[in-house]
Amino acid sequence: MVDIIFEDSSIIVCLKPAGLQSQGGTNDLVAMLDCHFAENEPSAKAFAVHRLDKETAGVMVFAKNSPSAAKLSAQITNGEMKKHYFAVVQGKPDENSGVLKDLLFHDRQKNKTFTVKKSRKGVKEASLEYKTVGHSEGFSLLDILLHTGRTHQIRVQFASRKMPLFGDRKYGGSNGKLALFAYKLEFRHPITNENLCFEAKPDSNESPWNMF
């Protein structure tokens with residue numbers, strides 16, 4: 001059952017749960033959406049224009065036809081689609097708000113991203129801005145806006161500053177579910193050009209969100 005936030009003839013916005021792949025799996029979100037379309041709108045097909053890590057929950061938009069997918073993809077390429085996240089990190093940033101910039105290299109064989117000092121083949125620039133929302137029990141809740149969309153970007157940029165995300169054992173974090181939630185998505189409708197904004201909240205009864 002897909003948790004649908006909005007749907008029309010061109011796009012579908014839904015809430016991806018943690019533990020489910022966006023695409024590329026045998027029972028991923030794209031497959032679930034295609035099953036939904038088969039029952040309700042057989043002419044539609046789910047086109048993934050962006051992704052969330054398997055462990056990350058939050059708001060996603062999918063196109064329902066190739067022209068809409070192309071226009072949404074162009075917005076992402078041009079930096080027009082705004083992706084906002086909540087993250088719980090260990091410790092607290094030196095500044096309550098700021099911009100983090102790094103050079104990142106993603107090792108496909110290890111499925112792990114690393115910060116590097118010099119540009120070379122496969123290295124990409126990464127940038128995000130954050131503001132601190134609260135502190136509790138040695139952790140901080142951050143509101144993050146991505147400027148770029150690199151693999152594991154938020155996770156590695158904060159881990160490299162000794163602030164791994166809660167539950168992110170791949171990058172030195174604690175045990176538990178990964179505390180990364182895509183809570184807001186802003187973009188233009190691919191057909192009408194209307195400015196759209198969709199939001200959701202993590203479950204405040206679950207750890208570590210219940211600390212804040």
Approximate separation, where rounding is to 0.5 Å, of Ser140 OG and Leu165 CG: 11.0 Å
Would you please test Arg188 and Asn195 for side-chain contact (heavy atoms from CB on, under 4.5 Å) and show each step? CA-CA 5 Å; Arg188 285 181 290 103; Asn195 291 323; 3.2 Å; yes
State, yes or no, whether a side-chain contact exists between Val61 and Phe198 at a heavy-atom distance under 4.5 Å. no
Non-hydrogen side-chain atoms of Ile11 and Phe6 separated by less than 4.5 Å: yes
Which atom pair, heavy atoms only, marks the closest approach of Pro164 to Gly172? CG-O, 3.5 Å
Taking every heavy atom of Trp209 against every heavy atom of Asp203, the minimum-distance pair comes out as CB-O, 3.6 Å
Would you say that His106 contacts Arg150 through its side chain, given a criterion of any heavy-atom pair below 4.5 Å between the two side chains? no
Checking Gln153 against Thr148: is there a side-chain donor and acceptor pair closer than 3.5 Å? yes
Salt bridge check: are Asp53 and Arg155 linked by an N-O gap of less than 4.0 Å? yes
Rounded to the nearest 0.5 Å, what's the gap from CG on Leu20 to CG on Asp28? Could you check? 7.0 Å
Rounded at 0.5 Å granularity, tell me how far CG in Asp143 sits from OG in Ser97. 11.0 Å
With heavy-atom distances below 4.5 Å as the criterion, would you say the side chains of Arg161 and Asp102 are in contact? yes
CG-NZ distance between Leu178 and Lys54, expressed to the nearest 0.5 angstrom: 13.0 Å
Any chance you could measure Thr151, atom OG1, to Arg51, atom CZ, to the nearest 0.5 Å? 5.5 Å
Parallel, tilted or perpendicular: rings of Tyr171 and His152 (30°, 60°): perpendicular
If every non-hydrogen atom of Ser22 is compared with every non-hydrogen atom of Lys16, which pair is closest and at what distance? OG-CD, 3.6 Å
Salt bridge between Lys64 and Glu41, side-chain N to carboxylate O under 4.0 Å? yes
On a heavy-atom basis, which atom in Tyr130 and which in Val99 lie closest, and how many Å separate them? CE2-N, 4.4 Å
Is it true that a side-chain atom of Ser174 and a backbone atom of Gly167 form a donor plus acceptor pair closer than 3.5 Å? yes
Please confirm whether the backbone N or O of Asn175 pairs with a side-chain atom of Arg169, one donor and one acceptor, at under 3.5 Å? no
Is there a path of hydrophobic side-chain contacts, each under 4.5 Å between heavy atoms, that joins Ile154 and Leu100? yes
Shared ILVMFWY cluster between Leu180 and Leu15, side chains joined below 4.5 angstrom? no
To the nearest 0.5 Å, atom NE2 of His135 lies from atom CG of Leu142 at 8.5 Å
Can you tell if the side chain of Ile144 reaches within under 4.5 Å of the side chain of Glu129, non-hydrogen atoms only? no
Full working for side-chain contact (heavy atoms from CB on, under 4.5 Å) between Met32 and Asn27: CA-CA 7 Å; Met32 293 177 68; Asn27 187 29; 4.0 Å; yes
If you look only at distance, which donor and acceptor atoms sit under 3.5 Å apart when one is on a side chain in residues 81-96 and the other is two or more places apart or in another chain?
residue, atom, partner, partner atom, Å
Lys82, NZ, Gly79, O, 3.2
His84, NE2, Glu186, OE1, 2.6

Are Thr113 and Asp107 packed together at the side-chain level, in the sense that at least one heavy-atom pair is separated by less than 4.5 angstrom? no
With a 4.5 Å cut-off on side-chain heavy-atom distances among I, L, V, M, F, W and Y, is there a chain of contacts connecting Leu196 to Ile5? yes
Lys118 versus Leu103: any side-chain heavy-atom pair under 4.5 Å? no
With hydrophobic residues grouped by side-chain heavy-atom distances under 4.5 Å, do Ile4 and Phe37 end up in a single group? yes
Can you name the nearest heavy-atom pair linking Phe47 to Ala69, along with the distance? CB-CB, 3.7 Å
Is the shortest heavy-atom distance from the side chain of Gln157 to the side chain of Thr115 under 4.5 Å? no
Linking I/L/V/M/F/W/Y whenever any side-chain heavy atoms sit under 4.5 Å apart, do Leu185 and Leu72 land together? yes
Stepwise side-chain contact (heavy atoms from CB on, under 4.5 Å) check, Val13 with Phe187: CA-CA 11 Å; Val13 180; Phe187 58 94; 4.3 Å; yes
Judged by atom type as modelled, is there a donor-acceptor pair below 3.5 Å linking the side chain of Lys170 to the main-chain atoms of Lys112? no
Within 6.0 angstrom of Glu80 CD, more than 12 heavy atoms from elsewhere: yes
Looking at Phe212 and Gly134, what are the two nearest heavy atoms and their distance? CE2-O, 3.7 Å
